[in-house]
Amino acid sequence: MNKKTITLLFLSGGSQVTQFLMTTLVGRRADMRLIATSSIADDAGLFGFDAVYLAPKTAKDPVGFERLMEKIITNEGIDLIVPARDDDVAFLGAWRDRNPDRSHMAAVGPGHIARMACDKWLSHEYAVAHGLPFARSLHEANPSSIRAFIDEVGFPVLAKPRDGFSSKGIFLLDSMKQIERWLAVGNYVIEEYLGPADDVQKFREGLEHDGVPLFYMFHGRPRFSAELIIGPSGDLVGEFCSDNEPQWRSRYVEHCKDEDGAALMRQCAQVFIRDGWRGPFNIQAQRDRKGVLRIHEFNGRLTAPTAERYFMGHDGFAKLVEAFTGFELPPSPWNTHPAPRANSQLCSRAADPRQVERLLSEGHWKAGV
């Protein structure tokens, strides 16, 4: 039965992910109330919601955050809670475990998978245990293990923070000394580099010949990305795989061109459905130097490219909401006339200081009040 109205709670409402999700709701919010939490008061995107609550960060003060979230659930009549950051996913998975009678309100699965998706080493171990092709990784710091790993995958390799996101804190390494240095940090994992083997050498040659660029990034090859939407009963209600090409401050998304990408998506869907995950799940992968498609990241949530997929005819967020609540959003025009390619770009915005002041002084803000 289709619900006539609905109230959604977005955790981390000012995040880029939530703002991209809001793009998919433009012109379709007549029967929806959108509530958000945020630890930052002056994010411009917050004041596009119907109400905002200033909240502690989920990772730093989970007890305080849960106390506030319970208050919001009661006062606002929340139908579905949607996480936008990895910390939110881990928090909400644990909350779901403690509240099985309200699991239908949280767009996540059990806590152990939520934690796994937020930890690069646990992701590797989970994938290996379930027969999923993951980028080969190392967590042991002893010299013999490092040497065996390099003999297998070769230089360069990546040093990644286990709890990292948005490519922050990642380093490209090409020596044993560098690997030992990052493993000694304690919160890092070494992962095979899925880009061209000569990237570091070419970059160094460019430094010698041209000087140091003010801005730079390793583009590599297009990245495979898959989005799964798993309903509360374990049914797969949505799937979409794409090739994402990151550019400087932008991203281009096209339909996945290779059948093995769709096969990997289906393989992951079977694993996560069987293991009890419910809600959205994102898989990111690239080809290794032998052409094998290997996963390098999981996300137990919707991601920013959900918006690009929306313009390409995949209304993932609408499918999620309907599966968990029974509420049907008005049809998107992009469903019947999908774009073959979509891209994201930055835009300029600012928050009204009067609204920010109200949020800071009262701890919450509501539109029209």
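Quick caveat: nothing in here was measured; it's all calculated off a predicted structure. Below, each value reflects all heavy atoms present in this structure, side chains not excepted, and no hydrogens, waters or symmetry copies. For reference, positions follow the sequence shown, starting with 1.
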Do [X] side-chain atoms and [Y] backbone N/O form a donor-acceptor pair below 3.5 Å?
X    : Y    : result
R289 : V153 : yes
D258 : G261 : no
S233 : D235 : no
Q345 : R251 : no
D87  : A59  : no
D79  : T7   : yes
S38  : L54  : no

Calculate, to the nearest 0.5 Å, the distance between atoms [atom1] and [atom2] belonging to [X] and [Y] respectively.
X    : Y    : atom1 : atom2 : answer
D315 : N335 : CG    : CG    : 5.0 Å
E239 : K319 : CD    : NZ    : 9.5 Å
I283 : S123 : CD1   : OG    : 11.0 Å
I146 : I190 : CD1   : CD1   : 7.5 Å
F49  : L8   : CZ    : CG    : 9.5 Å

Pick out which of [options] makes a side-chain hydrogen bond (donor to acceptor under 3.5 Å, both in side chains) with [X].
X    : options                : value
E205 : H209, Q201, K202       : Q201
S225 : N299, N282, T303, D243 : N282
Y53  : E76, E362, H364        : E76

* **Between F272 and Y126, ring centroids under 6.0 Å** => yes
* Asked: Can you say whether the rings of F298 and F281 are parallel (under 30°), tilted (30 to 60°) or perpendicular (over 60°)?
  -> tilted
* Could you label the plane-to-plane angle of the H124 and F134 rings as parallel, tilted or perpendicular, counting under 30° as parallel and over 60° as perpendicular? => perpendicular
Check [Y] with [X], please: is the shortest side-chain N to carboxylate O separation under 4.0 Å?
X    : Y    : value
D86  : R301 : yes
K120 : E191 : no
D260 : R287 : yes

* **Six-ring centre of F317, R28 cation under 6.0 angstrom, axis tolerance 45°** => no
Side chains of [X] and [Y]: does their closest heavy-atom pair fall under 4.5 Å?
X    : Y    : value
K60  : F65  : no
P133 : Q267 : yes
R309 : T24  : no
M69  : F91  : yes

If we count only N and O atoms by modelled type, under 3.5 Å, do the side chains of [X] and [Y] hold a donor and an acceptor together?
X    : Y    : answer
S144 : N142 : yes
T23  : Y310 : no
D88  : S12  : yes

* To do: List the steps and the verdict of side chain to side chain contact (heavy atoms under 4.5 Å, CB included) for F240 and H255.
  => CA-CA 8 Å; F240 190 92; H255 288 274; 3.4 Å; yes
* Asked: More than 12 heavy atoms of other residues, nucleotides or ligands under 6.0 Å from CD of Q16: is that the case?
  -> no
* To do: Would you indicate whether R98, at its atom CZ, is surrounded by more than 12 heavy atoms from other residues, nucleotides or ligands within a distance under 6.0 Å?
  => yes
* Member of E152, H296, R294 meeting the side-chain contact (heavy atoms from CB on, under 4.5 Å) criterion with E192 -> R294
So which atom in [X] and which in [Y] form the shortest heavy-atom distance, rounded to 0.1 Å?
X    : Y    : answer
F10  : L34  : CE1-CD2, 3.9 Å
L138 : V189 : O-CG2, 3.2 Å
A135 : L194 : CB-CD1, 4.2 Å

* Asked: Is there a side chain to side chain contact (heavy atoms under 4.5 Å, CB included) between I179 and I150 once you walk through the steps?
  -> CA-CA 10 Å; I179 294 176; I150 293 304; 3.6 Å; yes
Pairs of donor and acceptor atoms involving the side chains of residues 99-110, under 3.5 Å and at least two apart or interchain, shall be tabulated with distances.
unit_1, atom_1, unit_2, atom_2, d
N99, OD1, R102, NH2, 2.9
N99, ND2, W95, O, 2.8
R102, NH1, E70, OE1, 3.0
R102, NH2, E70, OE1, 3.4
R102, NH2, E70, OE2, 2.8
S103, OG, P100, O, 3.2

* Would you kindly confirm whether M32 and V52 end up in one hydrophobic cluster when ILVMFWY residues are joined by side chain heavy atoms under 4.5 Å apart? => yes
